[in-house]
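Below, read A as the first sequence line, B as the second, and so on, with proteins coming before strands; counting in each chain starts at 1. Values below: all heavy atoms of this structure, side chains included; hydrogens, waters and symmetry mates excluded.
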Number of protein chains: 2
Amino acid sequence: MSRAQPTTDAATAAREEILQAAAELFTDLGYALTSIDAIAERLGATKGRVYYYFKSKADIFFDIQRAAMARLMAEVEPIARSTLGPADKLRGMAEAHLGMLLADLPIQKVSVQGLERYLFHSSGYRYVNELREINQLRDTYEQIFAEVIDQGAREGVFSDMPPRLLTKPFFGALNWVTVWYRPRKLQDAQSNRMIVETLVSFAMQGIQKEPDHEPKSG
Amino acid sequence: MSRAQPTTDAATAAREEILQAAAELFTDLGYALTSIDAIAERLGATKGRVYYYFKSKADIFFDIQRAAMARLMAEVEPIARSTLGPADKLRGMAEAHLGMLLADLPIQKVSVQGLERYLFHSSGYRYVNELREINQLRDTYEQIFAEVIDQGAREGVFSDMPPRLLTKPFFGALNWVTVWYRPRKLQDAQSNRMIVETLVSFAMQGIQKEPDHEPKSG
DNA sequence: AAATTAGCATACTGATTGGTATGTTGATCT
DNA sequence: AGATCAACATACCAATCAGTATGCTAATTT
């Protein structure tokens, strides 16, 4: 089998450990400034280990994206499939989404911000397929939210602006957490609950139908 | 005067041109992957020109940040000083803020996303002062919004969550535009108005006081 | 117990790039 | 009209780093 993707549990765990370390460095330094040597050093190892499990730096990057999207999807899709009404369903999805961002911050941070352009423009068209794959995943994920928003709009509880446009500030209010949030040593559980509560409430309010300013009559 | 910052109009224009080109490349490639040669090439020049006006790549980066914050502040502060009520004032500030993001996209994009960490962690403590300066500017700017939100909360029209926390999804809904927006060749004026309208309305609704779910009585 | 191989470490290379040192030239001053 | 200098261009260097080639060792297989 030469040296394709290893499939044993041990190999999967080893890959996961590398992805985690790489994600932390990517979020601190950015993709370009993160050297393979630095990733290896964080694991107490050397380049040899990294290149044994991944064939290139870009390969690591794209695997982080796939992992991030897969985890989000696994949490959110079941809620989207449920029989809840649009408002409760969307709230549940938002809580799951934001909860995953905070629980898996380094990897989600790499994924959620638009870092792909680095590779896209810099290395010409070498990674076109991978970029399209990731964009496809993200698009599908966003579409799940857009459909719930659309249904809510048709039922008259959500704003009737184009659903695809409404997903932008909706995700913005939530995803922006990856820009400003810094994990503290203590007091995380409670303050995280408050963050989730505040951001999700904000996003849900934002998407609500605008009340008439002057209700002239019934 | 050796070679400190030039102060003539021509020199200011030359610096501005470099900042613009650098900002466009930074947003496409990221800081690390943008070479000084590439910046110069975009201007039809060579390194010599760039290093005549800026002493280092980091110097360019920080000047972009200063310019971005100065322009936002110039648009928003007059509105904050006006005598409008909290709701109208905040809406005006949001429109001015978002309008400036779209009008000055490359430079604002570099500023608004959290790209500072690249330099901070990578180059040790060499740019601590500049980073503190930029963080200070951003903090002051955010504080202007927080005060309006606080006033609105005291008057009972805005949510009574901590104002500093509320600014996060508020800016998130607006600033996220720098992540997803791609300028088109045509049809910009009208679609931009719709974007501003949708995002600002979303943000304003999000910050509103939650209506009681079951209004028991009058 | 000999052979093989998985799981790394070590050594090396070519390409890129930030920064500097040194030209070059047209304009301005004297 | 010579001197000066602003505004660049050119040439060069030292450091960094992705990727490769090879070496080593403990486990597993035979």
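Separating the NZ atom of K57(B) from the P atom of dT16(C) is a distance of 15 Å, rounded to the nearest angstrom. If you take CD1 of I36(A) and P of dG19(D), they are 6 Å apart, rounded to a whole angstrom. Atom CD1 of I39(B) is separated from atom P of dT17(C) by 12 Å (rounded to the nearest Å). We find that CD of E41(B) is positioned 14 Å from C1' of dT16(C), with the value rounded to whole Å. The distance from atom CZ of F54(B) to atom P of dA7(D) is 14 Å, rounded to the nearest whole Å. Atoms OH (Y51(A)) and P (dC17(D)) sit 12 Å apart, rounded to a whole Å. In this entry the distance linking CG of D37(B) with C1' of dC12(D) reads 13 Å, nearest Å. Put simply, CG on L33(A) is 14 Å from C1' on dT16(C), counting in whole angstrom units.
Using a 4.0 Å cut-off between charged side-chain N and carboxylate O, E95(A) and K89(A) make no salt bridge. Ion pairing of E16(B) with R71(B) is present here, as a side-chain N (NZ or NE/NH1/NH2) and a carboxylate O approach within less than 4.0 Å. For E147(A) and R164(A), the salt-bridge test fails: no basic side-chain N is under 4.0 Å from an acidic carboxylate O. Here D88(A) does not pair with R91(A) in a salt bridge; the nearest charged N to carboxylate O distance is not below 4.0 Å.
Toward the 5′ end of DNA chain D lies the nearest nucleotide of A14(B), the other residue of the pair A14(B) and K55(A) mapping further downstream. Looking at which nucleotide of DNA chain D each of T34(A) and G48(A) is closest to, the 5′-most match is held by T34(A).
Of the candidates dC17(D), dG18(C), dG19(D), the closest approach to any side-chain atom of S35(A) belongs to dC17(D). Each of dT20(D), dA9(D), dG18(C) was ranked by its minimum atom distance to the side chain of R49(B); first place goes to dA9(D).
Note: Y141(A) and H97(A) meet the aromatic proximity criterion, with ring centroids under 6.0 Å apart.
For Y52(A), a side-chain nitrogen or oxygen approaches OP1 or OP2 of dG7(C) to under 4.0 Å. Considering only side-chain N and O atoms, Y53(A) lies under 4.0 angstrom from the phosphate OP1 or OP2 of dC8(C).
With hydrogens and angles ignored, a donor-acceptor pair closer than 3.5 Å exists between the side chain of K47(A) and the base of dA18(D).
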